[in-house]
Novice: 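Handing you a structure now.
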Amino acid sequence: MPSNAEAAEIFRGIADLLDVMGERFKPEAYRRAARSIDSLTEDLASVAARGELRSIPGVGDAIEEKLREYLASGGIGYFERLQKEVPAGVAEMLQVPGLGPKTARRFWVELGIEGPAELLIALDAGRLVGVKGFGERKLAQIRAALDAHRTAAPGARLPIEEAYPIAQAIVRGLRERAGAERVEVAGSFRRGRETVGDLDILVTSDDPVRAFDVFSSLPEVSEVLLRGGTKETARLRNGLQVDVRVVEPASFGAALVYFTGSKDHNVQIRSLAKDRGLRVNEYGVLRGEERVAGRSEEEVYAALGLAWIPPELREARGEVEAASRGPLPGLVAESDLRGDLHVHLSPEAGPAALDRLVRTAQDRGYSYLGVVVQGMDTDGTPYALSEPTLERLRTVSTASLRVFSVHEVDLAAERGAPPPEVPVADWYVVRPSVRAPVPPPSAPFLRPVVLVAHRGTGGSSKGEALLSWTAFARAAGASVEVGPGAERLDSTGARQAREAGLSLAVPTGVGEPAESPTGPVALRFARRAGARPAEVRNAERRPPFSGAWTGDRG
DNA sequence: GCCGTTTTCGGCCCGACTGTTTTCAGTCG
């Protein structure tokens with residue numbers, strides 16, 4: 001079955017093959033189309049059905065034609081012809097760090113080396129000694145890269161929730177020990193992408209050497225790959241690559257824009273600058289040799305006639321045009337969140353744990369809190385809070401913070417039918433399926449406040465899973481939970497939910513340890529989906545109370 | 001191969017870093 005991801009993958013394959021064939025501009029054209037297709041929130045087939053393939057950035061006559069062929073037949077003849085011309089291993093050599101199209105082509109054409117394995121054999125046999133352009137160091141570098149290529153899974157991206165604590169630790173280390181004034185993680189991490197391929201960290205410091213020394217000595221860092229005057233690249237113990245760049249304060253905003261990306265967003269910005277007789281690079285916005293902006297992001301965007309664009313929207317999906325017309329609608333921010341609709345305590349939690357949760361919620365200024373009194377842990381095992389904890393729950397609300405009881409309903413356990421006895425709770429969280437996909441009920445049998453859209457529910461992706469539940473959620477008036485993990489919507493799913501008119505529930509992580517990534521990552525996903533405060537249920541001032549009240553009334 | 005509120009042809013981001021170099025090519029992001 002055709003998929004957007006597969007189409008993008010084929011185009012990237014075409015780009016690699018064209019690269020080693022020595023084509024100049026076509027490879028980038030195919031990659032650009034692949035990136036556009038990846039960032040679509042809709043199936044290619046639907047776009048094609050409306051006849052709008054050409055409206056996808058980077059898709060022109062030739063690529064539209066190939067997309068139609070792919071949708072009709074599942075393959076692209078052009079790709080297959082290219083694959084016959086270039087041995088598969090030659091393109092694979094591009095995956096080895098440090099080997100690019102020029103080198104791979106030279107190995108193939110001049111030396112008859114047709115892949116990484118043959119390259120290693122040639123190295124061992126000394127066939128590359130004395131070849132022009134390959135000195136001793138270069139050969140050692142290639143060998144090391146080949147070894148790493150064989151052992152490590154290449155191109156593996158890390159889920160952002162796993163990268164989060166690592167990034168926090170590095171930022172903390174640089175702030176506390178390197179005398180760095182400003183430290184910011186840029187790149188896809190800052191844009192809130194679901195996965196990150198590496199970390200780009202920008203610091204301002206009078207003493208780059210000290211910053212690099214501190215960074216290199218952090219326990220997370222495994223080996224330094226390169227160090228220059230302004231940049232150091234290292235590999236962490238978990239394999240993640242991290243770039244640290246030292247920039248001067250007058251350039252910090254420009255560097256932040258530049259290294260936050262996305263690539264396509266930067267291309268649009270630069271082209272806009274060109275139209276206005278300006279130039280943008282990581283040092284600033286320049287008119288001739290004069291720097292007219294660079295200290296802050298706001299300044300950089302303003303110099304280009306644009307309103308500031310939140311990092312989560314910088315994906316070349318129309319945000320630049322929108323920002324040229326005026327300020328963008330405000331995305332939901334941490335300060336908008338008034339409470340949490342779906343908080344788990346551990347099954348063993350006593351009244352004291354509930355008190356701690358309540359204090360944290362008060363510290364954050366929350367107005368309401370929905371605590372699961374009967375539900376499922378992450379494995380889908382049912383649990384209920386103890387009687388003393390329930391007792392405490394009934395009396396713990398204060399004038400400023402109301403605490404509600406929440407019951408989780410697992411539809412799979414009931415084979416999609418209404419549970420025979422739903423315990424009385426203030427509101428309900430519906431989990432379509434913990435274990436097996438079930439179709440949504442034709443009509444809501446109760447009034448859930450939150451729908452947890454499991455990835456495995458009724459489709460291969462979260463988006464598909466959600467779509468089958470959209471009608472149910474709308475009829476029930478339920479919000480859909482966004483955030484990290486298989487049991488929540490990612491930003492693409494959340495965008496689809498928004499576009500279908502559903503509101504979002506954004507977990508705050510209030511019931512989790514302080515360093516938990518759940519809250520910050522969920523908020524990024526919601527923002528990435530374009531959610532404004534009015535589209536987030538727990539940004540509403542009033543609690544979404546909808547059932548029989550068992551709280552502090554009487 | 002794509003793209004155009006000065007272009008339907010002639011451009012296509014650009015700077016850091018490395019290695020092999022005597023002034024530059026390749027890779028990367």
Side-chain angles (χ1 to χ4, degrees), chain A residues 11 14-15 17-36 53-67 76 78 82 93-107 128 130-142 144-145 155 186-189 196-202 208 212 224-233 241-247 251 254-255 257-286 305 316 321 324:
Chain A
F11 284 159
I14 291 175
L17 292 169
L18 291 172
D19 245 342
V20 291
M21 293 175 71
E23 285 282 353
R24 291 268 279 133
F25 297 104
K26 289 187 191 182
E28 202 40 45
Y30 279 101
R31 288 198 182 95
R32 171 143 190 262
R35 286 196 301 272
S36 284
L53 286 174
R54 282 293 301 270
S55 71
I56 299 170
V59 175
D61 284 336
I63 290 185
E64 177 188 22
E65 182 77 15
K66 291 178 179 70
L67 279 173
I76 295 179
Y78 179 58
L82 289 174
M93 284 197 281
L94 298 180
Q95 304 308 314
V96 179
L99 293 189
K102 299 276 172 34
T103 314
R105 182 177 174 81
R106 277 195 67 194
F107 285 157
L128 270 66
V131 175
K132 189 165 184 291
F134 294 92
E136 200 178 324
R137 293 166 69 101
K138 186 78 189 169
L139 293 183
Q141 189 190 66
I142 291 174
S188 53
F189 182 91
V196 299
D198 61 10
L199 291 177
D200 286 303
I201 301 180
L202 300 183
F212 292 152
V224 174
L225 301 177
L226 62 89
R227 180 191 286 198
T230 61
K231 170 188 166 175
E232 172 161 297
T233 300
Q241 187 169 307
V242 182
D243 293 339
V244 175
R245 292 184 163 81
V246 176
V247 302
S251 295
V257 170
Y258 187 86
F259 290 109
T260 297
S262 66
K263 193 181 172 107
D264 291 327
H265 176 86
N266 287 353
V267 167
Q268 285 197 4
I269 283 184
R270 279 192 294 265
S271 130
L272 193 72
K274 203 170 168 181
D275 294 345
R276 292 163 184 254
L278 300 167
R279 198 157 50 91
V280 188
N281 58 27
E282 60 263 56
Y283 300 109
V285 181
L286 305 154
E321 294 86 339
S324 71

Novice: How far does the P atom of B/dC28 sit from the matching atom of B/dT20, given to the nearest Å?
Specialist: 16 Å

Novice: Any side-chain N or O of A/T103 less than 4.0 Å from the OP1 or OP2 oxygen of B/dT27?
Specialist: yes

Novice: Pick the P atom in B/dT23 and in B/dG29, then give their distance to the nearest Å.
Specialist: 29 Å

Novice: Given the C1' atoms of B/dC3 and B/dC13, what is the spacing between them in whole Å?
Specialist: 16 Å

Novice: Given that both distances must come in under 3.5 Å, which nucleotide forms a Watson-Crick or G-U wobble pair with B/dT8?
Specialist: none

Novice: Using the test side chain to side chain contact (heavy atoms under 4.5 Å, CB included), find all partners of A/K66 that sit at least two apart in sequence or belong to another chain.
Specialist: A/F11, A/Y30, A/A62, A/I76, A/Y78

Novice: Between B/dG19 and B/dC9, how far apart are the C1' atoms? Round to whole Å, please.
Specialist: 38 Å

Novice: Distance-only criterion, 3.5 Å: show the donor-acceptor pairs between side-chain atoms of residues 225-232 of chain A and protein atoms not counting sequence neighbours.
Specialist:
| unit_1 | atom_1 | unit_2 | atom_2 | d |
| --- | --- | --- | --- | --- |
| A/R227 | NE | A/E232 | OE1 | 2.4 |
| A/R227 | NH1 | A/D213 | OD1 | 3.1 |
| A/R227 | NH2 | A/D213 | OD1 | 3.1 |
| A/R227 | NH2 | A/S216 | OG | 3.3 |
| A/R227 | NH2 | A/E232 | OE1 | 3.1 |
| A/E232 | OE2 | A/S216 | OG | 2.5 |

Novice: Send over the distance from A/K132 NZ to B/dA25 P, rounded to a whole Å.
Specialist: 10 Å

Novice: Have a look at A/G229 and say if it touches a base, only the backbone sugar-phosphate, or nothing, with a 4.0 Å heavy-atom cut-off.
Specialist: sugar-phosphate

Novice: Near A/E65 CD, under 6.0 Å, is it more than 12 heavy atoms from other residues, nucleotides or ligands?
Specialist: no

Novice: Only counting residues at least two apart or in another chain, list the ones meeting side chain to side chain contact (heavy atoms under 4.5 Å, CB included) with A/V246.
Specialist: A/V203, A/S205, A/P208, A/A211, A/F212

Novice: Select base, sugar-phosphate, or nothing to describe what A/Q141 touches, counting heavy atoms under 4.0 Å on all strands.
Specialist: sugar-phosphate

Novice: Base, sugar-phosphate or nothing for A/K138? Non-hydrogen atoms, less than 4.0 Å.
Specialist: sugar-phosphate

Novice: Report which part of the nucleic acid A/E65 touches: base, sugar-phosphate, or nothing (heavy-atom distance under 4.0 Å, all strands).
Specialist: nothing

Novice: At under 4.0 Å between heavy atoms, what does A/T230 touch on the DNA or RNA strands: base, sugar-phosphate, or nothing?
Specialist: sugar-phosphate

Novice: In whole Å, what separates the P atom of B/dT21 from that of B/dA16?
Specialist: 24 Å

Novice: Determine the interatomic distance between C1' on B/dG1 and the same-named atom on B/dT5; round to the nearest Å.
Specialist: 24 Å

Novice: Please state how far atom CZ in A/R105 lies from atom P in B/dA25, giving the value in whole angstrom units.
Specialist: 18 Å

Novice: Rounded to whole Å, please give me the gap between CZ in A/F212 and C1' in B/dC17.
Specialist: 12 Å

Novice: Atom CZ of A/R35 and atom P of B/dG1: how far apart are they, to the nearest Å?
Specialist: 17 Å

Novice: Got a donor-acceptor contact below 3.5 angstrom from the A/S36 side chain to the A/I56 backbone?
Specialist: no

Novice: Once you round it to whole Å, what is the distance between C1' of B/dC28 and CG of A/L94?
Specialist: 13 Å

Novice: Which one of A/L99, A/L17, A/T103, A/V20 satisfies the side-chain contact (heavy atoms from CB on, under 4.5 Å) criterion with A/L94?
Specialist: A/V20

Novice: On DNA chain B, does the nearest nucleotide to A/R227 precede the nearest nucleotide to A/Y30 from the 5' side, or the other way round? Give the residue.
Specialist: A/Y30

Novice: Using the test side chain to side chain contact (heavy atoms under 4.5 Å, CB included), find all partners of A/L286 that sit at least two apart in sequence or belong to another chain.
Specialist: A/R279, A/N281, A/R291

Novice: How long is the line joining CG of A/D243 and C1' of B/dC28, in whole Å?
Specialist: 9 Å

Novice: With A/D19 as reference, evaluate A/R105, A/R31, A/R24 under the side-chain hydrogen bond (donor to acceptor under 3.5 Å, both in side chains) test and give the passing residue.
Specialist: A/R31

Novice: Can you give one letter per nucleotide of nucleotides 2-14 of chain B, 5' to 3': B if a protein heavy atom sits under 4.0 Å from the base, S if only from the sugar-phosphate, - if neither?
Specialist: SS--------BBB

Novice: Using a heavy-atom cut-off of 4.0 Å across all strands, would you classify A/F259 as base, sugar-phosphate, or nothing?
Specialist: nothing

Novice: Please report, rounded to the nearest Å, how far the P atom of B/dT27 is from the CD atom of A/Q241.
Specialist: 16 Å

Novice: Nearest whole Å is fine: how far is B/dG19 P from A/L226 CG?
Specialist: 9 Å

Novice: On a whole-Å scale, what distance lies between the C1' atoms belonging to B/dC2 and B/dT7?
Specialist: 14 Å

Novice: Hey, which of these two, A/G133 or A/A104, hits DNA chain B nearer its 5' end, going by closest nucleotide?
Specialist: A/G133

Novice: Taking ring pair (Phe, Tyr, Trp, His ring centres under 6.0 Å) as the test, write out the residues that go with A/F134, two or more places apart.
Specialist: A/F107

Novice: Taking any heavy-atom pair under 4.0 Å as a contact, classify A/P27: base, sugar-phosphate, or nothing.
Specialist: nothing

